[in-house]
Amino acid sequence: MKTDVMALKKHTISEGLYENPNDLNKLYGQMLMNGSFFEIGILPYQWGKLIKRELLTQCQKEVPEYISYAEDAACIYPCLLKAKSIYITNLPLYHYRISPNSMVKKEVEPEKLHHLFVVLSKAFCSHNLTATLNTQLKYYMWQSLLLKGYSYIQASIPLFPFEKVKAGMRVAVYGAGLFGAVIEKYCRESKYLSVAGWFDKRYDIYIKQGMDVKSNDEALNSDFDIMVIAILNVNLSKFIKKNYISLGMNENKIDLINVAMLDQTVFPDLRRS
């Protein structure tokens with residue numbers, strides 16, 4: 001069944017012209033992650049960019065042919081680092097449609113994630129902001145792994161990276177986007193957890209796609225041990241948590257992504273064994 005979901009994708013970096021070294025460095029310091037997990041600074045998609053042909057061609061040639069995941073990111077971010085000026089705008093000039101069975105919703109092979117990391121690391125190593133860029137890259141790769149390679153994470157807790165979730169719990173999942181679908185599927189198939197309900201503010205849209213998602217209000221009258229807010233944008237997750245608490249939900253029964261856990265966990269080796 002076809003269902004149109006309208007969502008405006010925006011850069012989170014301030015609109016305007018960046019051309020002097022100080023302004024460009026400020027932009028680069030927020031390019032992959034703008035301040036908190038996970039708010040991307042500049043969207044990586046090539047379809048949202050106008051780039052001087054010579055610069056784009058040069059950067060495209062530097063992307064190995066075996067890169068088959070996040071090819072846009074592998075080209076665009078190095079391209080931005082070489083640009084003499086950058087103008088940011090959020091004018092919605094392109095309409096992009098994703099079908100319910102789109103490839104973007106499927107898990108990718110681990111070596112494809114590794115290849116992306118290698119290409120971006122190489123591009124960042126010669127820049128004067130190498131340390132800052134590599135910190136952003138670490139979180140960018142965690143975001144990619146949580147969305148596209150969750151099964152490759154070897155964690156010692158029942159539901160990574162949600163610290164409050166314990167074995168045997170009935171888990172309510174808030175969020176039916178890409179990450180929410182990953183978490184709901186994992187809990188449903190887990191030997192140690194069960195799904196007590198799946199909730200989202202835009203539940204009506206997901207119902208039309210055949211997903212068993214209920215209204216966010218229904219969570220208030222549901223029986224569960226813990227609710228995980230399966231949204232990668234931690235600031236948005238905190239807002240949703242605050243709203244539920246204001247409506248009477250016990251704060252101790254709500255869990256968000258624990259960013260400190262990402263910092264303390266060794267990123268898995270994704271190279272082909």
Side-chain angles (χ1 to χ4, degrees), residues 5-51 59 69-98 104 116-117 120 123-124 127-148 161 174-180 182 200-202 229-243 256-260 262-263:
V5 180
M6 299 298 293
L8 184 60
K9 294 285 187 179
K10 290 185 177 183
H11 310 292
T12 61
I13 291 177
S14 299
E15 293 181 280
L17 178 64
Y18 297 78
E19 58 181 346
N20 67 61
N22 288 336
D23 286 345
L24 285 171
N25 282 340
K26 181 179 178 181
L27 179 146
Y28 296 145
Q30 303 170 316
M31 185 169 64
L32 273 74
M33 191 180 80
N34 188 10
S36 63
F37 194 88
F38 192 82
E39 294 180 6
I40 200 161
I42 298 179
L43 299 172
Y45 317 120
Q46 285 199 33
W47 51 254
K49 310 290 185 299
L50 289 174
I51 303 171
C59 292
Y69 167 72
E71 304 96 319
D72 284 3
C75 176
I76 289 299
Y77 290 129
C79 199
L80 291 171
L81 291 176
K82 295 179 180 181
K84 294 180 179 179
S85 64
I86 299 171
Y87 191 90
I88 303 293
T89 178
N90 282 316
L91 287 173
L93 302 176
Y94 189 95
H95 182 76
Y96 185 79
R97 174 173 288 176
I98 300 176
V104 301
L116 175 65
F117 174 76
L120 290 177
F124 294 168
H127 197 274
N128 64 306
L129 292 179
T130 298
T132 299
L133 290 167
N134 283 337
T135 297
Q136 292 181 63
L137 179 58
K138 177 186 71 173
Y139 288 118
Y140 182 82
M141 293 308 302
W142 268 121
Q143 180 249 12
S144 297
L145 189 65
L146 290 169
L147 283 176
K148 306 300 294 182
Y174 181 94
L178 294 180
F179 185 50
V182 168
D200 196 284
K201 182 178 181 179
R202 300 190 298 175
I229 300 181
I231 294 176
L232 291 178
N233 185 322
V234 173
N235 284 336
L236 178 56
S237 294
K238 289 178 178 178
F239 175 81
I240 294 168
K241 175 182 178 180
K242 183 178 180 180
N243 183 62
L256 316 178
I257 283 179
N258 187 330
V259 179
L262 300 181
D263 294 331

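Scope of the values below: all heavy atoms of this structure, side chains included, with no hydrogens, waters or symmetry mates.
- Residues forming a side-chain contact (heavy atoms from CB on, under 4.5 Å) with N20 (at least two apart in sequence, or on another chain): N22, D23.
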Would you give me the side-chain donor-acceptor pairs under 3.5 Å for residues 81-88, sequence neighbours excluded?
| from | atom 1 | to | atom 2 | distance (Å) |
| --- | --- | --- | --- | --- |
| K82 | NZ | E62 | OE1 | 2.9 |
| K82 | NZ | E62 | OE2 | 3.0 |

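- The minimum heavy-atom distance linking I51 with C79 is given by the pair CG2-SG, 3.7 Å.
- Under a cut-off of 6.0 angstrom, the local environment of NZ in K49 is crowded, with over 12 non-hydrogen atoms contributed by other residues, nucleotides or ligands.
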Evaluate the side-chain contact (heavy atoms from CB on, under 4.5 Å) criterion for residues S237 and I257: first the C-alpha distance (whole Å), next the side-chain angles of each, then the deciding distance (0.1 Å), finally the verdict. CA-CA 8 Å; S237 294; I257 283 179; over 6 Å; no
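- Using a 4.5 Å heavy-atom cutoff, the side chains of L91 and E15 are not in contact.
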The test is side-chain contact (heavy atoms from CB on, under 4.5 Å); show your working for L27 and I42 and say whether it passes. CA-CA 9 Å; L27 179 146; I42 298 179; 3.6 Å; yes
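- S144 has its side chain within reach of Y69: a pair of non-hydrogen atoms, C-beta onward, lies under 4.5 Å apart.
- In this structure the side chain of L178 never reaches within 4.5 angstrom of the side chain of K148, judged on heavy atoms.
- Listed by chain and residue number, E163 satisfy the side-chain hydrogen bond (donor to acceptor under 3.5 Å, both in side chains) test with N258 (two or more places apart in sequence, or in another chain).
- Annotation for Y139 and F37: closest pair O-CE1, 3.6 Å, computed over non-hydrogen atoms.
- Summarising the geometry, atom OG1 belonging to T132 is positioned 12.5 Å from atom CG belonging to L137; distances are rounded to the nearest 0.5 Å.
- Annotation: side chain of N25 is in contact with side chain of N128 (closest heavy-atom distance under 4.5 Å).
- Here the closest heavy-atom approach between residue P78 and residue A73 is recorded as CD-O, 3.7 Å.
- Side-chain atoms of I240 and L256, non-hydrogen and from C-beta on, never get closer than 4.5 Å to each other.
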Start with the C-alpha distance between L32 and F124, add both sets of side-chain angles, then the distance that settles side-chain contact (heavy atoms from CB on, under 4.5 Å), and finish with yes or no. CA-CA 12 Å; L32 273 74; F124 294 168; 4.0 Å; yes
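- Without hydrogens or angle criteria, Q136 side chain to Y28 main chain gives a donor-acceptor distance under 3.5 Å.
- To the nearest 0.5 Å, the span separating NZ on K9 from CG on N90 amounts to 12.5 Å.
- For D72 (side chain) and Q46 (main-chain N/O), a donor-acceptor pair under 3.5 Å exists by modelled atom type.
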Before you tell me yes or no, could you show the steps for L116 and M141 under side-chain contact (heavy atoms from CB on, under 4.5 Å), namely the whole-Å CA-CA distance, both residues' side-chain angles and the distance that decides it to 0.1 Å? CA-CA 9 Å; L116 175 65; M141 293 308 302; 4.2 Å; yes
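- The main-chain N or O of D263 is never found under 3.5 Å from a side-chain atom of K138 such that the two would form a donor-acceptor pair.
- Within a 6.0 Å sphere centred on NZ of K26, other residues, nucleotides and ligands contribute 12 heavy atoms or fewer.
- The shortest distance between side-chain heavy atoms of S36 and V259 does not fall below 4.5 Å.
- Between L120 atom CG and N134 atom CG the span is 10.0 Å, to the nearest 0.5 Å.
- For the pair Q30 and T12, the minimum side-chain heavy-atom distance is 4.5 Å or more.
- With hydrogens and angles ignored, the 3.5 Å screen pairs no side-chain donor or acceptor of H11 with any backbone N or O of I13.
- Minimum heavy-atom separation, D200 to R202: OD1-N, 2.8 Å.
- Not one N or O on the side chain of Q143 forms a donor-acceptor pair closer than 3.5 Å with the backbone of L232.
- Using a 4.5 Å heavy-atom threshold, the side chains of I231 and F239 count as separate.
- Between the SG atom of C59 and the CG atom of L80 there is a distance of 8.5 Å, given to the nearest 0.5 Å.
- A donor-acceptor pair under 3.5 Å is absent between the side-chain atoms of Y140 and the main chain of F117, judged by distance alone.
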